[in-house]
Amino acid sequence: EESVTKFISGNALPLVVEFNQDTAQKIFSGEVKSHLLLFLSASSDDFDAKVEIARAIAKNHKGEMLFVTINTDEDDHKRIMEFFGMEESELPSMRIIKLEEDMSKYRPESTELSDDNIRSFVKQYLDGALKPHLMSQDIPEDWDKEGVKVLVGKNFEEVAMDKSKHVLVEFYAPWCGHCKQLAPTWDKLGEKYKDSDSVVIAKMDSTANEVEDIKIQGFPTIKLFKKGDNSVVDYNGERTLDGLVRFLDSDGVDGAAAPDDEEEDEDDDLGHDEL
C-alpha cells in the first residue's frame, strides 16, 4: 500500500514543477515533504538546460523528493529568497526544504547547478549527512551599547546561554504590529536592567536569524533563559513593564506560560511564512 501511495504521489506532478500560484497548493499540500528548490531566471540562456539536468535526477527520486523551479525574475518570489536568506549575488542557486513543523532548510556547500553537484546535494540530504542551515545576520558593532542587547544567530548562544545571568529575549519580526507596540516598554525594561550583573534584556529579529532547537511560531515571542541551568520559560503574562519586572523578579514564575500551553495569543502575529 505504501508503494502505491508513493507511486501516486510521485506521479501527481511533473518531474520538475514550476512554482506559481496554480501549483503552490499542490506543491505544499502533497505527500512528498522534501523539496529541492532551484532558484533560476527563466529568461537566462541556460534555463532549459538546467531544468533538463534536474529532470534527469528527479526520475531517480519520484515519491521521495519533489524538484521545484522558482523563477527569480518574478518580484513575488523575492520573499521566498528572503525566507532562505538568499542574496541576488548568489543566483542561480538551490536549497532543500523539509516541510515539517519547523521547516528545516538545507544549503549546499557549492550552489553550482551541475549534474554532479545537484546529485551530491540530494544524496547527502537523503543520507542524513546535512545539518539544517540556520540564518544569521552579522553581529552589529554596537549590539551591546543600549539597555536592550541585539542578538543575531552568531552571538545568540554566547549571550543567551550565559549561565551566570537571567536573559530575557524578545523574538520579533520587523513587520509585526504587536512587536512595534511592545518596543517602548521593552526599551524601558532594558534601561531598568542596564547595569544589572544578573539580568540581560535582549531582542532578536527572527525573520533574519535562526537558532537550533528554538522554534518561533508567532510574534512577539518572549522567552527567559534562566541562569544556572539555561532552562527556558515562555512568558505569557501582560506585556507591561510591571508584568515583565514581576516575571524577572520571581525567577520566571509570575507570568510563565503553562508547560503545555502551545496556544497562540489571539493577538499575536503568526510567524508562519507563506511561501
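Throughout, numbering of the chain's residues begins at 1 and tracks the sequence.
Looking at Trp186, its side chain never comes within 3.5 Å of a backbone N or O of Gln181 through a donor-acceptor pair. Checking side-chain atoms of Tyr235 against main-chain N and O of Glu238 turns up a donor-acceptor pair under 3.5 Å. In this structure a side-chain-to-backbone donor-acceptor pair under 3.5 Å is present from Glu210 to Met135. Within the 3.5 Å criterion, the main-chain N or O of Ala42 finds a donor-acceptor partner in the side chain of Asn71. Thr72 contributes a side-chain N or O that, together with a main-chain N or O of Leu40, makes up a donor-acceptor pair within less than 3.5 Å. Looking only at distances, a side-chain donor or acceptor of Ser136 sits under 3.5 Å from a matching main-chain atom of Gly153.
Applying the salt bridge (Lys or Arg N to Asp or Glu O under 4.0 Å) criterion to Glu88, with sequence neighbours excluded, gives Lys78. When the side-chain contact (heavy atoms from CB on, under 4.5 Å) test is applied to Val211, the partners found at least two apart in sequence or on another chain are Phe156, Met204, Ile214. Residues satisfying the salt bridge (Lys or Arg N to Asp or Glu O under 4.0 Å) test with Lys123, not counting sequence neighbours, are Asp127. Partners of Ser231 according to the side-chain contact (heavy atoms from CB on, under 4.5 Å) rule, which considers only residues two or more places apart in sequence or in another chain, are Lys226, Asp229. Taking the salt bridge (Lys or Arg N to Asp or Glu O under 4.0 Å) definition, one finds that Lys163 meets it with nothing, sequence neighbours left out. Not counting sequence neighbours, the partners of Asn209 by the side chain to side chain donor-acceptor pair (under 3.5 Å) test are Gln137. Not counting sequence neighbours, the partners of Asp162 by the side chain to side chain donor-acceptor pair (under 3.5 Å) test are Ser164. Residues passing the salt bridge (Lys or Arg N to Asp or Glu O under 4.0 Å) test with Lys223, sequence neighbours excluded: Asp234. With sequence neighbours left out, the side-chain contact (heavy atoms from CB on, under 4.5 Å) criterion links His133 to Arg107. By the side-chain contact (heavy atoms from CB on, under 4.5 Å) test, Asn20 is found to be paired with Glu18, Asp22, Thr23, residues two or more places apart in sequence or in another chain being considered.
Among pairs with a residue in residues 141-161, those fulfilling side-chain hydrogen bond (donor to acceptor under 3.5 Å, both in side chains) read Asp138-Lys154, at least two apart in sequence or across chains.
A heavy-atom distance below 4.5 Å is found between the side chains of Val17 and Leu66. When side chains are defined from C-beta on, Met94 counts as touching Ile118, because their heavy atoms get closer than 4.5 Å. Side-chain atoms of Pro132 and Lys105, non-hydrogen and from C-beta on, never get closer than 4.5 Å to each other. With a 4.5 Å cut-off on side-chain heavy atoms, Pro174 and Lys180 do not count as touching. With contacts defined as side-chain heavy-atom distances shorter than 4.5 Å, the pair Val232/Leu224 does not qualify. In this structure, the side chains of Val122 and Leu126 come closer than 4.5 Å at one or more pairs of heavy atoms. Counting heavy atoms from C-beta outward, Met65 and Tyr125 have side chains that approach closer than 4.5 Å. Val169 has its side chain out of reach of Lys203: every pair of non-hydrogen atoms, C-beta onward, lies at least 4.5 Å apart.
Taking each heavy atom of Thr240 and Gly243 in turn, the nearest pair found is OG1-N, 3.0 Å. Closest approach of Phe219 to Ser206, counting heavy atoms only: CE2-CB, 3.5 Å. A pairwise comparison of heavy atoms in Cys179 and Glu170 identifies CB-OE2, 3.8 Å as the closest pair. Closest approach of Lys227 to Ser198, counting heavy atoms only: NZ-CB, 3.8 Å.
Summarising the geometry, atom CG belonging to Leu13 is positioned 12.0 Å from atom NZ belonging to Lys62; distances are rounded to the nearest 0.5 Å. A distance of 7.5 Å separates CD in Glu212 from NZ in Lys215, rounded to the nearest 0.5 Å. Atom OG of Ser34 sits about 8.0 Å away from atom CG of Leu99, to the nearest 0.5 Å. Rounding to the nearest 0.5 Å places CG of Asp115 at 4.5 Å from CZ of Arg119. Taken to the nearest 0.5 Å, the CG atom of Leu36 stands 5.5 Å off from the CD1 atom of Ile96. The CD1 atom of Ile53 sits 7.0 Å away from atom OG of Ser114, with the distance rounded to the nearest 0.5 Å.
For the pair Arg55 and Glu52, the salt-bridge criterion is met [side-chain N within less than 4.0 Å of a carboxylate O]. No salt bridge links Lys33 with Glu64; every basic N to acidic carboxylate O contact stays at or beyond 4.0 Å.
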Query raised in the report: Stepwise, does the side-chain contact (heavy atoms from CB on, under 4.5 Å) test hold for Phe67 with His61?
Result: CA-CA 9 Å; Phe67 285 61; His61 299 289; 4.3 Å; yes
**Report entry** side-chain contact (heavy atoms from CB on, under 4.5 Å) between Ile97 and Phe84, intermediate numbers included
**Finding:** CA-CA 9 Å; Ile97 186 165; Phe84 285 93; 3.9 Å; yes
Query raised in the report: Hey, mind stepping through Leu15 and Lys59 against side-chain contact (heavy atoms from CB on, under 4.5 Å) and telling me if it holds?
Result: CA-CA 7 Å; Leu15 282 171; Lys59 283 179 184 174; 3.5 Å; yes
**Report entry** Criterion side-chain contact (heavy atoms from CB on, under 4.5 Å) on Leu244 and Thr185, from CA distance to verdict
**Finding:** CA-CA 9 Å; Leu244 290 159; Thr185 300; 4.1 Å; yes
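Put simply, Ile222 and Ile201 are part of the same group of oily side chains (I, L, V, M, F, W, Y) that touch within less than 4.5 Å, one to the next. Linking ILVMFWY side-chain heavy atoms closer than 4.5 Å, directly or via other members, places Phe19 and Met103 in a single hydrophobic cluster. One hydrophobic cluster, built from ILVMFWY side chains closer than 4.5 Å, cannot hold both Leu189 and Val167; they sit in different ones. One hydrophobic cluster holds both Ile57 and Tyr106 under the rule that ILVMFWY side chains link at heavy-atom gaps under 4.5 Å. Two different hydrophobic clusters hold Tyr172 and Ile216 under the rule that ILVMFWY side chains link at heavy-atom gaps under 4.5 Å.
Applying the 6.0 Å contact sphere to CG of Asp73 captures more than 12 heavy atoms from other residues, nucleotides or ligands. Applying the 6.0 Å contact sphere to CD of Glu90 captures more than 12 heavy atoms from other residues, nucleotides or ligands. Taking a 6.0 Å sphere around NZ of Lys50, one finds it holds more than 12 heavy atoms contributed by other residues, nucleotides or ligands.
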Show every donor-acceptor pair shorter than 3.5 Å between a side-chain atom in residues 245-255 and any protein atom, with sequence neighbours excluded, or say none if there are none.
from   : atom 1 : to     : atom 2 : distance (Å)
Asp249 : OD1    : Tyr193 : OH     : 3.4
Ser250 : OG     : Arg246 : O      : 2.9
Ser250 : OG     : Phe247 : O      : 3.1
Ser250 : OG     : Val253 : N      : 3.2
Ser250 : OG     : Asp254 : N      : 2.8
Asp251 : OD1    : His166 : NE2    : 3.0

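Relative ring orientation between His35 and Phe28 is described as tilted, the plane-to-plane angle lying within the 30° to 60° band.
A donor and an acceptor atom, one from each side chain of Thr207 and Asp205, are located under 3.5 Å apart.
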